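For reference, the structure discussed in these notes is given below.
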Amino acid sequence: QAQLIESGGGLVQAGGSLRLSCAASGPTFSSYVMAWFRQAPGKEREFVAAIGSSGATTSYADAVKGRFSVSRNNAKNTLYLQMSSLKPEDTAVYYCAAGGRFTYVSSSWASAYISWGQGTQVTVSS
């Protein structure tokens, strides 16, 4: 299983931007769908975005569509999440996740993903 390490979280004012990164170990990063999830206190972990193995296809949760952009650099084994126009309701711990052989860009449920990072906190103040 891949090891995933997120970075880039922090405190930002509403309307601001942040870019999260997820560094992955292992030679198979470029083979699988990658995704971002988030979990706010007292809430279930929810899907944010996913990206296909080549980066050509993406999917987003309705709550972030038009504000967030997921990308990947397979040469650097790194996944990104560019977040703009942030809102207080975006406050959560953000996790990157690596899919498996049967994970698709449309896979928005947590159990479809095999490896998880430790998470990075994003706090948006109003």
Side-chain angles (χ1 to χ4, degrees):
Q1 291 186 355
Q3 284 193 318
L4 306 173
I5 301 176
E6 302 95 336
S7 62
L11 173 65
V12 63
Q13 287 189 329
S17 300
L18 276 177
R19 188 174 85 153
L20 305 183
S21 299
C22 173
S25 65
T28 61
F29 174 81
S30 61
S31 300
Y32 299 113
V33 170
M34 297 291 295
W36 289 96
F37 285 74
R38 66 186 182 185
Q39 188 166 18
K43 294 189 176 181
E44 297 286 323
R45 190 169 297 191
E46 65 174 1
F47 172 78
V48 174
I51 186 167
S53 58
S54 69
T57 55
T58 58
S59 65
Y60 295 92
D62 288 344
V64 306
K65 204 171 290 183
R67 300 188 297 121
F68 290 12
S69 178
V70 61
S71 61
R72 66 192 297 165
N73 184 328
N74 286 342
K76 294 185 177 181
N77 274 18
T78 304
L79 174 72
Y80 303 99
L81 184 69
Q82 178 67 48
M83 305 185 293
S84 303
S85 301
L86 283 161
K87 304 175 181 180
E89 50 263 45
D90 294 319
T91 295
V93 177
Y94 283 70
Y95 299 90
C96 69
R101 186 177 175 187
F102 300 106
T103 307
Y104 306 98
V105 174
S106 58
S107 300
S108 60
W109 52 99
S111 60
Y113 295 84
I114 295 172
S115 301
W116 293 83
Q118 83 290 348
T120 186
Q121 176 71 47
V122 172
T123 302
V124 184
S125 63
S126 57

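From a predicted model like this one, the values you see are computed outputs, not experimental measurements.
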Output the distance between atom [atom1] ([X]) and atom [atom2] ([Y]), rounded to the nearest 0.5 Å.
{"X": "S126", "Y": "K87", "atom1": "OG", "atom2": "NZ", "answer": "14.0 Å"}
{"X": "Y32", "Y": "S53", "atom1": "OH", "atom2": "OG", "answer": "10.0 Å"}
{"X": "E6", "Y": "S21", "atom1": "CD", "atom2": "OG", "answer": "10.0 Å"}
{"X": "R101", "Y": "T103", "atom1": "CZ", "atom2": "OG1", "answer": "11.5 Å"}
{"X": "R67", "Y": "L86", "atom1": "CZ", "atom2": "CG", "answer": "6.5 Å"}
{"X": "R19", "Y": "S84", "atom1": "CZ", "atom2": "OG", "answer": "11.5 Å"}

**Study point:** Residues, nucleotides or ligands: over 12 heavy atoms within 6.0 Å of Q118 CD
**Key:** yes
**Study point:** Heavy atoms from other residues, nucleotides or ligands near NZ of K43 exceed 12 (cutoff 6.0 Å)
**Key:** no
With a 3.5 Å distance limit and no angle check, can you tell me whether [X] reaches the backbone of [Y] through a side-chain donor-acceptor pair?
{"X": "N73", "Y": "K76", "result": "yes"}
{"X": "S85", "Y": "G15", "result": "no"}
{"X": "T123", "Y": "T91", "result": "no"}

[X] side chain near [Y] side chain, heavy-atom distance below 4.5 Å:
{"X": "V122", "Y": "D90", "answer": "no"}
{"X": "M83", "Y": "Y94", "answer": "yes"}
{"X": "F47", "Y": "S59", "answer": "yes"}
{"X": "V48", "Y": "L81", "answer": "yes"}
{"X": "L4", "Y": "M34", "answer": "yes"}
{"X": "Y95", "Y": "R38", "answer": "no"}
{"X": "L18", "Y": "F68", "answer": "no"}
{"X": "T120", "Y": "L20", "answer": "yes"}

Review point. Excluding sequence neighbours, so at least two apart, what forms ring pair (Phe, Tyr, Trp, His ring centres under 6.0 Å) with Y113?
Key: F37
Identify the heavy atoms of [X] and [Y] that sit nearest to each other, and give their distance.
{"X": "L11", "Y": "S125", "answer": "CD1-CB, 4.3 Å"}
{"X": "I51", "Y": "S71", "answer": "CD1-CA, 3.5 Å"}
{"X": "V105", "Y": "T58", "answer": "CG1-C, 3.6 Å"}
{"X": "S106", "Y": "W109", "answer": "O-CZ3, 3.9 Å"}
{"X": "A23", "Y": "T78", "answer": "CA-OG1, 4.5 Å"}

Check your understanding: Can Q82 and S17 be said to form a side-chain contact (heavy atoms from CB on, under 4.5 Å), step by step?
Key -> CA-CA 8 Å; Q82 178 67 48; S17 300; 4.0 Å; yes
Review point. Can the positive tip of R45 be found less than 6.0 Å from the middle of the six-membered ring of W116, inside 45° of the ring normal?
Key: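 Here R45 passes the 6.0 Å and 45° test against W116.
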Review point. Would R72 count as a cation-pi partner of F29, with NZ or CZ less than 6.0 Å from the six-membered ring centre and within 45° of the ring normal?
Key: yes
Practice item. Report whether V12 and W36 are members of the same hydrophobic cluster (ILVMFWY, side-chain heavy atoms less than 4.5 Å apart, transitive linking). Key: yes
